[in-house]
Amino acid sequence: MDYKITPRAEDYSRWYNDVIMAAQLADYAPVKGCMVIRPNGFALWENMQRALDDMFKATGHQNAYFPLLIPESFLKKEAEHVEGFAPECAMVTHGGGKKLEEPLVIRPTSETIIWSMYKNWIMSYRDLPLLINQWCNVIRWEMRTRLFLRTTEFLWQEGHTAHATAEEAEAEARRMLGVYTTFAEDWMAMPVIAGVKTEKEKFAGAVRTYTIEAMMQDKRALQAGTSHNLGQNFARAFDVTFLDDKGTRDFVWATSWGVSTRLIGALIMTHSDDRGFVLPPKLAPTQVVIVPIYRKEAERTAVLKAAARLRVELKERLRVHLDDRDQYTPGYKFHDWEQKGVPLRLELGPRDLQNEQVVLVRRDTGAKQTAPQAGLADACAALLDDIQQALYDRALTLRRENSFTVSSYDELKARIDEPGGFFWAYWNGATEDEVRLQEETKATIRCLPFEADESPLKDSLEGTCLLTGAPTSQRVVIAKGY
RNA sequence: CGGGGCGUAGCGCAGCCUGGUAAGCGCGCCUGCUUCGGGAGCAGGAGGUCGGUGGUUCAAAUCCACUCGCCCCGACCA
């Protein structure tokens, strides 16, 4: 379809929406804040799911499914949890033409209903660890919504694990954050900063929340995944205890972790350009699109025959599509597939048949090259690997070029809007200082990063707190976020 | 919830102030012919109770009242 994309520099929000519409990833639904994920978007989500699910299985998790509807009283059992989620819960008050005795909450997250079941399933240390994941939809009544980034209903995955010791739960939370980091960097080609959320930013009901934070092209931070050490909070709320091998009874230790369709938004804002969507090859539903070029009927027959042969050959190893639509010109198809983000375009015309070659055009750089038809699958695979790496490198460069050290609060305030970016600083403040920071700068502490590799602070181990001036070794990354 | 904007063909819009042969444009869609290495050209064609309700009037897309919905910017969040 013909669709004009607003340039990023002109209006970043409109650009984001235009990319989604042009690539036909999603569309607005009749209900406010809800979206339809269209086949192009869903195929991408399926690829993300597959990669993540394989990693979950490889780390010993099993999938299950818990109900959409949760008794309201369950939410209320964990004090912080209910306080955090109550404002954004949708409720079912009627069913079967009658008012329900107890309203049912449409899950905003499933900790409560899952732990109500774990109570029955966990008796002894022999039942632990319990490692369960579910793929589902959730609803959170958001005030302001944006396609993929924040919608009333979204798709996600939520892992819920139970452990015998605090150490095991902690290790699990960290391990799954590692899985998310690997997925973000190796599959999405999106570099992330892994770290701990502050007390203020942590999940309602958690002891500690871990996060991966990515820099979008407008230099804002996006939380791309979270993992929580829930301690014994939910075990206490739902009275889930077990006997250890010495016959001692204790509450079970828990974690939960999730990523959502928000990752699609992250992908868009990490790699796409003014011509439209850009997909990393490893997640692209179509990795190579073949565009045949011909004039006369005889050419058409010969080119399509050769194109079909190449398609079969490439199909062995790659996800390939032959665009043999007769009613569109090659130029139209070039634009069409560029908007849709297909990493590699393969052009095949009469000239190429004569020379037994093809023309390959990469989506990320637009670079055009010819390649012999012999050994084409190898050449395409190599090029796709190269694109995957180039996307990562480019995103990492953007982050590096827009990461700064600040040593005073005034300096932060002077630079947070312009030039903007990630600001590394020492921090020892309390929650009220964090609130003040947020109110005065509109930025937030994204996390306390684990690693200092990327940090301009990497060579120093101690400094003074940005707000209080007290000596501290605690580092934070501050940025405006989504 | 506060501030701003908008509802007219599938999409993007003009028309409204100054009521009356203005239901109009571009893109898309359909048919045919010519085209096809960066969004093809020409010709013909289909498609709209002007968001809804009520009012003013001889006459309403146009004026008035009410109402519904959506988008954008701020307070919450994956």
Side-chain angles (χ1 to χ4, degrees), chain A residues 1-6 11-14 16-18 21-22 27-34 83-89 108-109 137-158 180 197 200-204 209 211-214 221-228 256-266 275-276 291-297 299-300 303-304 323-339 345-355 357-359 361 366 368 370 435 438-439 442 444 481-482:
Chain A
M1 295 297 121
D2 185 32
Y3 204 97
K4 178 84 169 61
I5 295 172
T6 307
D11 186 332
Y12 194 82
S13 292
R14 277 183 59 190
Y16 176 78
N17 282 328
D18 287 350
M21 292 301 171
D27 203 352
Y28 292 100
V31 177
K32 180 179 164 64
C34 292
E83 193 186 329
F85 280 103
E88 46 188 301
C89 283
T109 180
N137 58 340
V138 291
I139 283 190
R140 297 182 187 178
W141 219 261
E142 301 290 350
M143 295 177 192
R144 247 189 88 196
T145 56
R146 291 191 71 183
L147 293 174
F148 290 115
L149 295 178
R150 184 169 304 105
T151 44
T152 299
E153 179 185 13
F154 57 94
L155 306 184
W156 78 344
Q157 142 289 303
E158 47 179 327
Y180 291 157
K197 281 289 187 190
K200 178 176 174 295
E201 298 285 328
K202 77 173 193 202
F203 177 76
T209 289
T211 178
I212 52 173
E213 300 281 331
L222 182 81
Q223 179 174 316
T226 53
S227 176
H228 316 290
S256 68
W257 27 274
V259 294
S260 71
T261 39
R262 172 180 245 203
L263 288 177
I264 295 175
R275 318 185 85 178
V291 178
I293 297 156
Y294 46 78
R295 295 164 194 259
K296 300 186 272 294
E297 186 57 31
E299 285 178 350
R300 178 175 181 274
V303 168
L304 284 180
D323 187 354
D324 59 1
R325 289 177 296 177
D326 209 17
Q327 57 275 45
Y328 292 103
T329 62
Y332 178 92
K333 293 176 183 176
F334 295 168
H335 283 267
D336 191 34
W337 294 108
E338 274 171 9
Q339 287 185 334
R345 179 173 78 238
L346 192 160
E347 302 174 16
L348 185 71
R351 282 208 297 275
D352 303 309
L353 290 194
Q354 280 204 324
N355 301 329
Q357 64 173 32
V358 300
V359 174
V361 185
K368 199 178 270 203
T370 57
V435 170
Q438 191 169 343
E439 283 174 353
K442 304 294 177 199
T444 49
Y482 274 95

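Order of the sequence lines fixes the chain letters, A, B, ..., with proteins taken first and strands second; residue numbering starts at 1 for each chain.
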Contacts of type side-chain contact (heavy atoms from CB on, under 4.5 Å), residue A/Asn355, not counting sequence neighbours: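 side-chain contact (heavy atoms from CB on, under 4.5 Å) check on A/Asn355 returns A/Gln357.
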Counting side-chain heavy atoms from CB outward, which of B/C29, B/C36, B/G38 is closest to A/His335?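 The closest nucleotide is B/G38.
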Quote, to the nearest angstrom, the [atom1] distance that separates [N] from [M].
N: B/C76; M: B/C1; atom1: C1'; answer: 12 Å
N: B/G5; M: B/G47; atom1: C1'; answer: 29 Å
N: B/G24; M: B/U62; atom1: C1'; answer: 15 Å
N: B/G15; M: B/U53; atom1: C1'; answer: 24 Å
N: B/A9; M: B/G26; atom1: P; answer: 16 Å
N: B/C58; M: B/G52; atom1: C1'; answer: 26 Å
N: B/C71; M: B/U35; atom1: P; answer: 47 Å
N: B/A43; M: B/G38; atom1: C1'; answer: 26 Å

Atom pair distance, as rounded to whole Å: [atom1] in [X] and [atom2] in [N]:
X: A/Gln327; N: B/U31; atom1: CD; atom2: C1'; value: 14 Å
X: A/Arg275; N: B/G38; atom1: CZ; atom2: P; value: 12 Å
X: A/Arg295; N: B/G37; atom1: CZ; atom2: P; value: 7 Å
X: A/Leu348; N: B/C36; atom1: CG; atom2: C1'; value: 14 Å
X: A/Gln354; N: B/G37; atom1: CD; atom2: P; value: 18 Å
X: A/Met21; N: B/G28; atom1: CE; atom2: C1'; value: 16 Å
X: A/Trp337; N: B/G37; atom1: CH2; atom2: P; value: 18 Å
X: A/Ile293; N: B/G39; atom1: CD1; atom2: P; value: 12 Å

Syn versus anti for B/A22, judged by chi lying within 90° of 0?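 You should classify B/A22 as syn.
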Under 4.0 angstrom, heavy atoms only, what part of the nucleic acid is [X] near: base, sugar-phosphate, or nothing?
X: A/Arg351; result: base
X: A/Asp326; result: nothing
X: A/Glu299; result: nothing
X: A/Val359; result: base
X: A/Gly258; result: nothing

Write down the partner of [N] under the Watson-Crick or G-U wobble criteria, each distance required to be under 3.5 Å.
N: B/A46; value: none
N: B/C76; value: none
N: B/A65; value: B/U53
N: B/A14; value: none
N: B/C33; value: B/G41
N: B/A22; value: none

Atom CD in A/Glu158, atom OG in A/Ser260: separation rounded to 0.5 Å?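 These two atoms lie 11.5 Å from each other.
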Encode nucleotides 71-78 of chain B as B, S and - characters from 5' to 3', where the letter depends on protein heavy atoms closer than 4.0 Å: B to the base, S only to sugar-phosphate, - to neither. SSSBBBBB
Just checking, is any N or O donor in the side chain of A/Thr6 or A/Asp18 under 3.5 Å from an acceptor N or O on the other one?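 A pair is found: one side chain offers a donor N or O, the other an acceptor, under 3.5 Å apart.
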For the residue pair A/Tyr332 / A/Asp323, report whether a side-chain donor-acceptor contact shorter than 3.5 Å exists.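 Looking only at side-chain atoms, A/Tyr332 and A/Asp323 do not form any donor-acceptor pair under 3.5 Å.
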Please determine if [X] forms a cation-pi arrangement with [Y], meaning its NZ or CZ atom is less than 6.0 Å from the six-membered ring centre and no more than 45° off the ring axis.
X: A/Arg146; Y: A/Tyr16; value: yes
X: A/Arg345; Y: A/Phe334; value: yes
X: A/Arg140; Y: A/Trp156; value: yes

Answer with yes or no whether A/Arg345 presents, from its side chain, a donor or acceptor under 3.5 Å of a partner atom in the base of B/G38.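 Counting by modelled atom types and ignoring angles, a donor-acceptor contact under 3.5 Å is found here.
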Looking at A/Asp336 and B/G39, is any side-chain donor or acceptor paired with a base atom of the opposite kind under 3.5 Å?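 By the distance-only test, no, there is no pair.
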Distance-minimising heavy-atom pair for A/Pro350 and A/Ile293: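 The answer is CD-O, 3.2 Å.
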Nearest heavy-atom pair of A/Val138 and A/Thr109: which atoms, and what distance?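 Distance-wise, the nearest heavy atoms are CG1-N, 4.2 Å.
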When you compare the side chain of A/Glu142 with that of A/Glu88, does any pair of heavy atoms fall below 4.5 Å?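 Yes, close enough: below the 4.5 Å cut-off.
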